[in-house]
Each structure stands twice: as structure tokens, then as C-alpha cells.
Engineer: 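First the structure, which I've put down as C-alpha cells, then a few questions once you've had a look.
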Amino acid sequence: MSSSEDDIPLSKSSYGRAKISPIKAESDSEDDMPLVRKSRPRNVSTSYKEDDSEEEYKEKAVAANGSKRKALSQATKVNGNAKKAKPTVARVKKETSVTPAKSPTSKMLAKKTSVAKVKKESTPVKSGEDQDQEDEEEIFKWWEQDKEDDTIKWTTLQHSGVLFPPPYEKLPKSIKLFYDGQPIDLEPEAEEVAGFFGAMIETDHARNPVFQKNFFNDFVALIKKLGPGKEAKNSKTKETVNLINFSKCDFTKIYAHFEKLKQEKKSISTAEKKKIKLTRDASEEKFKVCYLDGRKELVGNFRIEPPGLFRGRGAHPKTGKLKERVLPEQITLNIGAEAEVPEPPKGHQWGEVKNDNTVSWLATWKENINGTTKYVFLAQNSSLKGMSDFKKFEKARELKNYIEKIREDYMKELKSELMASRQIATATYLIDQLALRAGGEKGEDEADTVGCCSLRFEHITLKPPHTVVFDFLGKDSIRFHQEVEVIPQVFKNLKIFKKEPKKIGDDIFDRLDPAILNKHLQNYMPGLTAKVFRTYNATKTMQDQLDFIKNVGTVNEKVVAYNAANRTVAILCNHQRTVAKTHEASVGKIEDKITELVWQKNQLKKTILLLDKSEKKRRPEFFEDMDSLDRETIQQIHERLLERESEKITKKFARDNEKLKAEGEPVMKQTDLKERLKAVKELQKELQKELKTNKPEIKPNMTVEKCEKQIIKLEERITNTRLQLKDKEDNSQVALGTSKMNYIDPRMTVMFSKKYGVPIEKLFTKTLRDKFNWAIQSADENWRF
DNA sequence: CGTCGTACTTAGGACTAGCCCC
DNA sequence: GGGGCTAGTCCTAAGTACGACG
């Protein structure tokens, strides 16, 4: 059936268990999270990175770097016959860094075109006349437009094509692959592939036997194809054609070489790095933009994917295969008929150039491993992407008008006489309640993952009276493992669907596939498909969660509350991430920090009493917790304190010596260091004494007021750090980003921002603010999903 | 219908800029 | 002012959906 025989020896980590109620979120305790992760291979590093060698594109880029105004007028001309509506021009100050966007609360779907002149973030002084135009750029407020027919994506379209990765640069002569202890000369094309693998030998991918096998097959085939070649100068090398044993290959020299390069790159000065970035940016500038109906829009992935080894996820049978370099001849460009076709790289031709305005891609090619089509699309902040995003959320919003009926119906249909109807009802129940994906069929050559319709016998276990255990790998081979109490009829149905003669490997929903299911759903609402339920339930859950949040407390507290709501959604959608290797350590560090802050606070309280005994009588409860830490903990704090102190002194000593050396002065001796370290000894004595007497040393000029002030500061820091710690713990295996980016209607977040007075910057990163600008501009504090 | 190809959204991990802490 | 860490960004794989085709 599927993959299997030579599968990756992935260690399966222990399964966690959690009861979760079948009806979403609401208030189920966050403590018993149903998230469990199988241990997956982790990609540690890639260093086959394309990079540098900008030369090629430099001249063109400079030419393209003309004035914005020029570009604009040119574009407008092209657009001459496009939209006729008269633009309303509004002046809107564009957000500059941290000012919350002023909401010009505009009506959605207003029947007018409006174009706002927007101040661009201050450009360095421009000379003279056309400064006005240079500083301002027109922003097309598509969300204030009629949403008409969307089969036509554009009327005119111009762009500069795509950016190819730099050509392969041969390794230095001294760096070679070793075979059976001997250095091997390889043709550059083969050497490049050896480099792909060599660079990653320390990653989990490279340790995966399937990856190794696939890589090696392709590698050997390439060498055979190339033949001994002109590089083969010695007899030993001729044997490379017979290179057949992976275990005799030694990539360590190559690996070391790439590591060295990495280090060198890291060590170049910041100024130098900046310069490199600048030239790189300049050479790429023209690819970054395009003109759609005359309006400037950003292009997303204009960089052609560089060659490398395919990093298929999970147990992908093809992982490790060689992903070949893409040539211009393989690329199809899509561009307006009126536009000038960008020049292909020297000595090359475009595969094809077409003018299809029913699609949004600018370029496409076929990738050689799975034969899938890759596209170059516009950036996330483009109008095209924005519009379809908007539509997606409006569609999900529309579902709320039908959801009741749909639920009512599937409850009835669960008992249908017709097997097909019963399966549809059961599947809809699961998709609605558990936010499962549709689950289309997959091929033999892909990782064995499933969704609702493709669930198999072995993926669910029935536990009477009506608990179902789901355990399967979903998209990206992320494990879905939940124990769910379902309604009795669903339990009964699943039992039927699993009944003999069904066995392991058989589909649960044997009368169903996403097409059938979606067709059924369209009966309720045009355009309704399985995935809409995920969007609907995600945003609905978010709204319900946000509604619980009281409008009190600090901004930080509100952000934490928002994140908690976001987390509920992420859990619903099973958005996971691997726990960072450094997680445990960093949690430990924060915990240590908190106890240290508590200790400091306690010290201050004791100091107050030493300064003025009467305080204790005045407010005994204030001093109740000043001995909250036990002796051992305090001792640990002391140790850390002392260690830090001596480290600091040692470092300072080293620095001072460096300085002296540089100035040609005689350096200090180790005894001088010892002298300096005496201060630490002093401190140690002091602390030891404190530990005995339980009385802190009083610093000169200390007053009760000063102590009070510091205590308040410390308490603030303690709550903040605790908050931070909790957030970190709760988020360690949940990925919040995916739901925020794809499932939660951004207008919900904008509503929260406005209603609760939380700057949008605290909720959306820069990229998200750009992507969701339409939502920021159009939603207010009363917005409801 | 079932299969396939195309076009688009959704996804987690790799990489990195910049922030914070010392 | 440098190093460690993390949040944010980049990259591209892996889904969904749908229409054409036989």
C-alpha cells in the first residue's frame, strides 16, 4: 500500500492523553492540552544557500531604479482603458512605526473607488521639484470597491520576470569528496550535489536512510551520466564511475568547508554586512514589484527555487532526491499583452510567454521530483491576495447563516437508511466538531497522511460507551491524537463503518471523498466546502474567547489574554510546532530569575524592618512573605550571584588587558586579577553572614521610601516575568502564527485592538499589518464576525 | 463518474535581524 | 559593543478545490 518497508527509524515519543469534549473550545481547561507530537526529523541547517555573486544582475537593477513617479505615470498610461470610476482621494497618514493606525472607519463595499494618497515613511531628502509626488504613493483601497466578477484578475500586468539563483561556484581544489579514503575529482555538476549533501551531514535529514538512499541514487546516476569527464585526471578518479557504496563516501571535508564559510560570513563586520545587503537589494529591486492595472504591487516569491536535495516531510518516499536547477527554458511567464517581455538571462530563452488574465501568477515551472507546478505569485499584501482573503472570511462569515440548519440536518442524517448519507453526516460532524481537514486521496509516492475522508480503520479506536480515539498523521505529518467523547449516534456509526469485513488499511468512509462531500455542502450554501468550516469555527471560537476577556488591566495583560484566545484556536486546528531544543533551559533561566527577584524583594522588606522596627506593627501582612524562600534556594541564588560577579570581573580584566596591550602598556598579571576578585570574596562573606543572621546588609543612604519604591518596581517585574513564563510554557508546542495568519478573521483582531486599547502592533507583526491592512482600515470596535 | 492537471491556500521548519542583557 | 536568543521572516512543501477530459 503505502511507503513502509524501508521507513525512517523515527523514534516515536510517548503519547500524551487528554480528554477533550467534542464541542469546541468554550472553556475547556487549557492545562490538559490534547497536543502531542511525534518526534520528527529536524532540519538543522542548510548551507547550500544561494547567496552573493550579485554581479550578474547589477546593471539592470540600477536602470530599474528610476523615480517612482516615472514608474507610476507609465503605469497609469498602460492602465488607460482599465477602471473608469472616478477616484475619491483621501489623505491618510500612513502608520509610522508605533502609532496605532487611526481608523478612518470606512464602509465596506461602498460603491466607489477610492485611492488614498499615503505618506511614505520619510524618504531621505529628495532634490527639488517632484518631491511631492515622490513622497506619496497611491494606495488602492480595493476593499472600498465593488467586488465584481473575479474570473478576470487584471487588465494590464507588467513585471520583470524572475530572479535565478547564482551559478554554481566550484569548491576550492583542496576540498574534495573522499571515497574509500581517496580524494575524488568530480565534475562541477556532480560536485555541487555532493556539496548539497555534505553541507547537511549533521542534520536529521542526512541521517535518514531514505534520504540517504534517494540522494545517493541520484548522485550516482548523475556521475554515470557525466562520465569520467575532463576533471578525471588520475586513474583513481576514473573509478568514480564505479562509485557505488554510500558508506565509503566521506563528506566531512566538504562539511568542514561549508562550516568555515558560515563562520567567515558571520564574522564580517556589521558595516560590511550592510553594504552587501544594500547591493543585493539594489540588484533585486526590479523583481520585487510589478504593475497590476497600473498600480504598483509587490511580488512575493520572485526568486526561483535553487537546486538542492528535496526535504520531503514525514516519511516521504522521495525525500533526499535531487531537486534540479531550473532553467529559463522551463519557465512560463504570464504578463500583460501590452507589457514588454522581460529579457531572459543571456544565452537563454523563456519556455513560454502567455497573457492569461484569468490567473494571478506571474511565472510558473514544473519541479522535477513530484512533477508539481510551482508559481510566482504576488506578495501577501497585494490587492489580489487581499481580495481573496477578504472573500474567504466573508464566506466563512456567511456560513453562520446556514450552520444551524446544517447541524440540524446532519444530526438527523446520522440515522439515515442510506449508507452514503450517513457517512456524509458523520464526516460533516467530524469536520465541524473537530476541525478536521477534508482529506483527499494521496498517491503511493507521498507521505502517508490523512484527513477526514481518507481516515482508515487503524486511525480510530472506539472506547465504549462513546469515546473515540483519533490517532493519525495529518498534513505535514503532524500527529492528530485526541480522545474525544462523541454523541452516541456518531459512535454507533463509526462502529458500523469499521464493521467486518473491514480491516486495517480500509477506508472508514468508503462511500465518500471530498468532492462528494463538498457537492453536498453546496446544497446549503454556494461555495461552501469542507475547509470553510475550519475558518468558520476558528474565527467563531476566537470571538467567543475574546468575549470572555474583561476590559481591565494593563496592555500586557490584555495581550496575554488575546494570546490565550489565539491559543484555543491553534489547539482547535491542531497547529503544532516542535519544542525548541533550548526550551527547557530557557524556562529554567526565567524561573531562576523570578526567584532571584523574589529574593531581592524579600531583602528589601527585611531592610525596611532594620531601618524602622515599628513598620512591622503597622502592617504585619506586608512582611508575611519575606521569608518565602528556603535556605537552600537562597544559597543557590548566592552562588549564582557570586559566579556572575566573578565572571564579570574576569571579563573586565581581560578587556582591560587587551586595551593595555593595544596601547603598548605592560599588561597586568594573574595576581592582579586575584586582587580584583577579592571583592567577590568579600561579597561571599557578606552573604554568608546574611544567611546566618537573616539580616541583609544595609546600604548607605537607604531609606524606607526608597525600599518601598524598589519593591513596587520588583513586584511589577515579577508579575511580568511570571506572565512571560506562563505564555512561554503554554506556547511551547502550539504554533499561534498559523491560525492568526490564515484562520482568524483579522477584523476580529482589529476590533479587539480598538475596543481594548491595545496597539495593533502588539497583535500583528509588520508583515501581518501589511497583509491585513484592509481589515485595519475597515473594522471598528463594534465589528462582529 | 473517476482521474488528472491547474491554481490557489495553508503549513512548519530554517534562517536571520535585531533586541536585550551583560 | 558583543553574544545569545527569540520573534519575525523566508522558504517551499503539502494541502484543498475545481474543472476538463475520457
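Throughout, protein chains are lettered first and strands after them, A, B, ... in sequence-line order, and every chain is numbered starting at 1.
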Engineer: Would you please confirm or rule out a distance under 4.0 Å between OP1 or OP2 of C/dA13 and any side-chain N or O of A/His316?
Structural biologist: no

Engineer: What pairs of nitrogen or oxygen atoms, one from the protein and one from nucleotides 1-4 of chain C, lie under 3.5 Å apart?
Structural biologist:
none

Engineer: Do the side-chain N or O atoms of A/Ser360 get closer than 4.0 angstrom to the phosphate oxygens (OP1, OP2) of B/dC8?
Structural biologist: yes

Engineer: What nucleic acid atoms does A/Gly451 come within less than 4.0 Å of, heavy atoms only: base, sugar-phosphate, or nothing?
Structural biologist: nothing

Engineer: Which is true for A/Lys366 with a 4.0 Å heavy-atom rule: it touches a base, it touches only sugar-phosphate, or it touches nothing?
Structural biologist: sugar-phosphate

Engineer: Nearest-Å distance, CZ (A/Phe533) to P (C/dG15)?
Structural biologist: 22 Å

Engineer: Hey, is A/Asp770 close enough to A/Lys766 for a salt bridge, meaning N to O under 4.0 Å?
Structural biologist: yes

Engineer: What nucleic acid atoms does A/Lys323 come within less than 4.0 Å of, heavy atoms only: base, sugar-phosphate, or nothing?
Structural biologist: sugar-phosphate

Engineer: Do NZ/NE/NH1/NH2 and the carboxylate oxygens of A/Arg747 and A/Glu394 come within less than 4.0 Å?
Structural biologist: yes

Engineer: Applying a 4.0 Å non-hydrogen cut-off, can you work out what A/Thr364 is touching in the nucleic acid: base, sugar-phosphate, or nothing?
Structural biologist: nothing

Engineer: Mind calculating the distance between CG (A/Leu521) and C1' (C/dC18) to the nearest angstrom?
Structural biologist: 15 Å

Engineer: What nucleic acid atoms does A/Asp513 come within less than 4.0 Å of, heavy atoms only: base, sugar-phosphate, or nothing?
Structural biologist: nothing

Engineer: Using the test side-chain hydrogen bond (donor to acceptor under 3.5 Å, both in side chains), find all partners of A/Gln380 that sit at least two apart in sequence or belong to another chain.
Structural biologist: A/Lys771

Engineer: Do any side-chain nitrogens or oxygens of A/Lys519 fall under 4.0 Å of OP1 or OP2 in C/dA17?
Structural biologist: no

Engineer: Measuring from the side chain of A/Glu305 (C-beta onward, heavy atoms only), which nucleotide among B/dC8, C/dT9, C/dA13 has the closest atom?
Structural biologist: C/dA13

Engineer: Within less than 4.0 Å of OP1 or OP2 of C/dT9, is there a side-chain N or O belonging to A/Thr767?
Structural biologist: yes

Engineer: Would you indicate what A/Arg437 reaches in the nucleic acid, counting non-hydrogen atoms under 4.0 angstrom: base, sugar-phosphate, or nothing?
Structural biologist: sugar-phosphate

Engineer: On DNA chain B, does the nearest nucleotide to A/Trp361 precede the nearest nucleotide to A/Thr738 from the 5' side, or the other way round? Give the residue.
Structural biologist: A/Trp361

Engineer: Rounded off to whole Å, could you give me the CD-to-P distance for the A/Gln522 and C/dT16 pair?
Structural biologist: 16 Å

Engineer: Report yes if at least one side-chain N or O of A/Lys531 is closer than 4.0 Å to OP1 or OP2 of B/dT10; otherwise report no.
Structural biologist: yes

Engineer: Nearest to the side chain of A/Val359, which nucleotide is it out of C/dA17, B/dC8, B/dT6?
Structural biologist: B/dC8

Engineer: Is any side-chain N or O of A/Thr372 closer than 4.0 Å to OP1 or OP2 of C/dA14?
Structural biologist: no

Engineer: Identify whether any heavy atom of A/Gly312 sits under 4.0 Å from a base atom; if not, whether one sits that close to sugar-phosphate; answer base, sugar-phosphate or nothing.
Structural biologist: sugar-phosphate

Engineer: Nearest-nucleotide wise, let me know which of A/Ser388 and A/Ile516 is further upstream toward the 5' end of DNA chain B.
Structural biologist: A/Ile516

Engineer: Quick one: is A/Asn742 getting a side-chain N or O under 4.0 Å of the B/dT9 phosphate, OP1 or OP2?
Structural biologist: no

Engineer: With a 4.0 Å limit, can you tell me whether A/Arg534 has a side-chain N or O closer than that to the phosphate oxygens OP1/OP2 of B/dA11?
Structural biologist: yes

Engineer: Measure from CG on A/Leu736 to C1' on B/dG13 and round the result to the nearest Å.
Structural biologist: 16 Å

Engineer: Under 3.5 Å, is there a donor-acceptor pair linking the side chains of A/Lys442 and A/Ser454?
Structural biologist: no

Engineer: Do the side-chain N or O atoms of A/Thr529 get closer than 4.0 angstrom to the phosphate oxygens (OP1, OP2) of C/dA17?
Structural biologist: yes

Engineer: When the aromatic ring centroids of A/His316 and A/Phe310 are compared, is their separation below 6.0 Å?
Structural biologist: yes

Engineer: I want to verify a distance call: between B/dG12, C/dA17, B/dT10, whose nearest atom is closest to the A/Arg313 side chain?
Structural biologist: B/dG12

Engineer: Counting any heavy atom closer than 4.0 Å, what does A/Ala530 reach on the DNA or RNA strands: base, sugar-phosphate only, or nothing?
Structural biologist: sugar-phosphate

Engineer: Which whole-number value in Å describes the distance from A/Leu298 CG to C/dT9 P?
Structural biologist: 14 Å

Engineer: Could you tell me whether A/Lys288 sits above the aromatic face of A/Phe302, with NZ or CZ closer than 6.0 angstrom to the six-membered ring centre and within 45 degrees of the axis?
Structural biologist: no

Engineer: Side-chain N or O of A/Lys153 versus OP1/OP2 of B/dC8: is the shortest distance under 4.0 Å?
Structural biologist: yes

Engineer: Does the pair A/Glu367/A/Lys323 count as a salt bridge with the N-to-O cut at 4.0 Å?
Structural biologist: no

Engineer: Does A/Lys442 put a side-chain nitrogen or oxygen below 4.0 Å from OP1 or OP2 of C/dG15?
Structural biologist: yes

Engineer: Could you give all pairs that pass the side-chain hydrogen bond (donor to acceptor under 3.5 Å, both in side chains) test and reach residues 515-525 of chain A, with sequence neighbours left out?
Structural biologist: A/Asp409-A/Tyr524

Engineer: B/dT10 C1' sits how many Å from A/Asp389 CG, rounded?
Structural biologist: 11 Å

Engineer: Please tell me which of the listed nucleotides, B/dG13, C/dC11, B/dT9, lies nearest to the side chain of A/Arg577?
Structural biologist: B/dG13

Engineer: Taking the basic N atoms (NZ, or NE/NH1/NH2) and the acidic carboxylate oxygens, is any pair closer than 4.0 Å for A/Asp507 and A/Arg456?
Structural biologist: no

Engineer: Grab the NZ-P distance between A/Lys740 and B/dG12 for me, whole Å please.
Structural biologist: 15 Å

Engineer: Just how far, in rounded Å, is P of B/dT10 from CD of A/Gln380?
Structural biologist: 10 Å

Engineer: Does A/Tyr743 reach a base, just sugar-phosphate, or nothing at all? Heavy atoms under 4.0 Å.
Structural biologist: sugar-phosphate

Engineer: Closer to the 5' end of DNA chain C via nearest nucleotide, is it A/Asn370 or A/Thr765?
Structural biologist: A/Thr765

Engineer: The side chain of A/Lys374 is closest to which nucleotide in this list: C/dG8, C/dT12, C/dA14?
Structural biologist: C/dT12

Engineer: With respect to the side chain of A/Asn518, which nucleotide from B/dA11, C/dA17, B/dA7 is positioned closest?
Structural biologist: C/dA17

Engineer: Closer than 4.0 angstrom, basic N to acidic O: yes or no for A/Arg303 and A/Glu284?
Structural biologist: yes

